[in-house]
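From a predicted model like this one, the values you see are computed outputs, not experimental measurements.
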Amino acid sequence: MPIADLVFVGASVFTAGEEAPRRADVAVSDGLILAIGTAEEIGELVGAGTRVVEASGRLILPGFQDAHAHPLFAGVELLQCDLTPATDAADCLRIIREYAAAHPEAEWIQGAGWSMEFFDGGTPTAAALDAVVSDRPVLLSNRDHHGAWVNSRALELAGLSADTPDPVDGRIERDADGSPSGTLHEGATNLVESLAPPLDDELAYRGLLRAQEELFALGVTSWQDAWVGAQSGLADSLDVYRRALENGDLRARVVAALWWERDRGVEQLDDMLRRRDAVAAIGAPERLRADTVKIMVDGVAENFTAAMTAPYLDGHGHPTDNSGLSFIDPAVLADAVTRIDAAGMQVHFHALGDRAVREALDALQAARDANGVTDGRHHLAHLQVVAETDVERFAELGAAANLQALWACHEAQLDELTIPFLEPRLVERHYPFGDLQRAGVRLVAGSDWPVSSADPLAGAHVAVNRVGPGSDAEPLGSGAQELDLATALSAYTAGSAYVNHREHMTGSLAVGLAADLVVLDRDPFAGPTDRIADTRVLSTWIDGGCVFESAES
């Protein structure tokens, strides 16, 4: 009879396919789940060298898997001017002033995390920044990373003026005389970002490892990085992951989604295949793969760049002539997706507006028509608005719905900068998780961290309640869009494992799968649904090794 290296006793366990937790103990050997059973059954596997962890009725789940995150850059931003803790515009300026004073050697002040609702119209000004930093250029991405706040020095260095045209994939916010006012949207951010000092390789590496620690503390053992490539001066962020893998520092399981450059054509696919194969040659697919392509179809609703079938409204409720941006011509998109699918790579779409969702699904239909059914496991992320007629197409095309559940609630940015400018009928259908589930669509889950918190339990809380943790707001939309807790947690585990082509080794609690586990401090099924987000991670395990342990353990 085998002897376990590790056992959890007195536990409750939950895995996809079950409606609620059950009492069971878990045994681990050689990094794999050896047995799940009664105390008597597991007790027979305990030997002199077995580590015994007393779970005391706490809940054990498969490790969470984030299907859409940006950990490398999230970690870097934690090491730069981090505005995520700010509570209002004045607090942002305080943090910037203090950071600049503490870093007099920095040529540029860079960072991220400000919230659009802190500022009138969601557009802070260069003048406000000039009041705290005027001697150096400042470049600060907003919380959703679809815009940037810059000071006058940065605008001056970029040569931006009233005569500078908007790029085709972005917009320069302007004063009455046409002069840039200090906020840049979408592709317009590149006008300044291209001048900023390139991201230092060492800072990028430290950022990745910092992010890994943050995610382990939230029970996340695996993720798909939704933007891997040339960014912020790095020639290729995939090199950072490869370095971490080769040094033995990458303990999480990662799928790298290689960024599709909108200003290039299908010839870039050859480069992606070479990068995919170079990672595969390292021979550690259980730790790192690069066989996904990330395509950004549209922008975001709060700056009116999400691609909608109906035009945005003005401040008086009247239709405008703007229905958002499709960053890639639909015919070009269909051709690219068909070629990517034929090459055996997965497509990870950013599709937020209903027109973008339709264009992505149309591209998948073109790929299906040309290539037949493949195992691409393509997925569409964000899905703020999905036309009713397109919901069932997900299942028909085998496309997964990649949910950022934490967004599906009333909060200032949505209520002030989005809802007033959309047709009222769309509010009830925001983030239509329930419709997608009933249509038999495979649900996967991600955070889009650092756009929002990477905490899967906070995301599950909103998926169930449609209300943010600690909020007294009304639920967003109708009750028909709520998910039950079992479905939400399954999306964060087995669902994301499937879309990452790792269901054969992770995502469920089953004998023979990797012992990637998370131990919670309570059973969220046992309490009221409005307390789900109060649940905390006690410990996180990968291959049976502890990668995080809280002080409460």
Quick check: [Y] with [X] (ring centres under 6.0 Å apart)?
| X | Y | value |
| --- | --- | --- |
| His68 | His348 | yes |
| Tyr312 | Phe304 | yes |
| His382 | His350 | yes |

[X] side chain near [Y] side chain, heavy-atom distance below 4.5 Å:
| X | Y | answer |
| --- | --- | --- |
| Gln437 | Phe433 | no |
| Leu485 | Ile532 | yes |
| Leu139 | Glu193 | yes |

Show me, pair by pair, the donor-acceptor contacts under 3.5 angstrom made by side chains of residues 111-120, not counting sequence neighbours?
| from | atom 1 | to | atom 2 | distance (Å) |
| --- | --- | --- | --- | --- |
| Trp114 | NE1 | Leu140 | O | 2.8 |
| Trp114 | NE1 | Ser141 | O | 3.2 |

Side-chain donor-acceptor contact under 3.5 Å, [X] with [Y]:
| X | Y | result |
| --- | --- | --- |
| His146 | Asn303 | no |
| His185 | Glu173 | yes |
| Thr506 | Gln65 | yes |
| Thr320 | Asn322 | no |
| Arg355 | Ser323 | yes |
| Gln231 | Ser237 | no |
| Glu186 | Thr305 | yes |
| Ser447 | Asp66 | yes |
| Gln384 | His430 | yes |
| Asp225 | Tyr241 | yes |

Pair [X] + [Y], salt bridge at N-O below 4.0 Å:
| X | Y | answer |
| --- | --- | --- |
| Arg339 | Glu267 | no |
| Asp362 | Arg393 | yes |
| Arg275 | Asp236 | yes |
| Arg536 | Asp521 | no |
| Asp271 | Arg264 | yes |
| Asp354 | Arg429 | no |
| Arg502 | Asp516 | no |
| Arg368 | Asp341 | no |

Heavy-atom count check: over 12 atoms from other residues, nucleotides or ligands less than 6.0 Å from [X] [atom1]?
| X | atom1 | value |
| --- | --- | --- |
| Glu392 | CD | no |
| Arg262 | CZ | yes |
| Glu19 | CD | no |

His378 vs Leu397, side-chain contact (heavy atoms from CB on, under 4.5 Å): CA-CA, chis, key distance, verdict: CA-CA 9 Å; His378 311 302; Leu397 293 167; over 6 Å; no
Decide yes or no on salt bridge (Lys or Arg N to Asp or Glu O under 4.0 Å) for Asp291 and Arg276, but give the supporting numbers first. CA-CA 6 Å; Asp291 48 11; Arg276 176 195 67 181; over 6 Å; no
Face-on cation placement of Arg442 at Tyr498 ring, 6.0 Å and 45° thresholds: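 Flagged: Arg442 positioned over aromatic ring of Tyr498.
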Who pairs with Asn402 by side chain to side chain donor-acceptor pair (under 3.5 Å), at least two apart in sequence or on another chain?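 For Asn402 the side chain to side chain donor-acceptor pair (under 3.5 Å) partners, ignoring immediate neighbours, are His379, Gln404.
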Is a donor on one side and an acceptor on the other found under 3.5 Å between the side chain of Arg143 and the backbone of Pro450?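 Side chain of Arg143 to backbone of Pro450, a donor-acceptor pair under 3.5 Å: no, none is there.
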